Every structure is written in structure tokens, then in C-alpha cells.
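Please read these numbers as outputs of a predicted model, since none were measured by experiment.
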Amino acid sequence: MQTSQIDTATPDELAPVLLLALGRLGQLGRPGAITLARRLEDDDADFDEAAEWIADIASGGLRE
């Protein structure tokens, strides 16, 4: 998937890419997290909502 396709990606197309990206970010650790944080704008509501969903998934609270 190209980054230009992100805006039109379906959940089934986007989820595997996001999973790989999050896994790589986890491998990179703090330096990767800091790099991501530098790219974020304050009060990015879309990111905040996505982070909440990721937290739910990580805690095992979302399955269906």
C-alpha cells in the first residue's frame, strides 16, 4: 500500500499495514516513539481517538 492510498483504504486493507507499523515502532522503542510524537500536532482528535482504540485492543478489550 502506498501512503497516497491511506485516505481511501478499507479497514481490511489498512489493519495489516497498521499492525506492521506498530510492531516496527515497538521494535524501535523510545526513539521511534519520540519521532512519532514530534510529528503530532497538539489536540489531534483523530490521533487521540485512534490511540484509545489501540489501547483497548492492547488490553484485550476489543475483539468483535
Side-chain angles (χ1 to χ4, degrees):
M1 173 179 292
Q2 301 293 319
T3 56
S4 61
Q5 298 170 303
I6 296 289
D7 288 340
T8 59
T10 66
D12 286 330
E13 295 168 333
L14 189 57
V17 176
L18 179 59
L19 182 58
L20 288 170
L22 288 171
R24 181 64 181 137
L25 185 62
Q27 292 171 349
L28 294 170
R30 183 175 173 80
I34 289 171
T35 301
L36 176 60
R38 280 195 302 249
R39 297 188 63 109
L40 292 176
E41 295 180 19
D42 289 339
D43 301 323
D44 184 330
D46 290 334
F47 178 84
D48 292 344
E49 182 171 354
E52 290 177 20
W53 285 114
I54 296 296
D56 285 347
I57 293 166
S59 70
L62 185 64
R63 292 286 178 228
E64 290 286 327

Could you list the donor-acceptor pairs under 3.5 angstrom formed by side chains in residues 45-61, with sequence neighbours left out?
unit_1	atom_1	unit_2	atom_2	d
E49	OE2	W53	NE1	3.4
S59	OG	A55	O	3.3
S59	OG	D56	O	3.0

Quiz: residues 10-21 side-chain donor-acceptor pairs under 3.5 angstrom, not counting sequence neighbours:
unit_1	atom_1	unit_2	atom_2	d
T10	OG1	E13	N	3.2
T10	OG1	E13	OE1	3.4
E13	OE1	T10	N	2.9

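Pairs engaging residues 20-41 under the side-chain hydrogen bond (donor to acceptor under 3.5 Å, both in side chains) rule: R24-Q27, T35-R38 [sequence neighbours left out].
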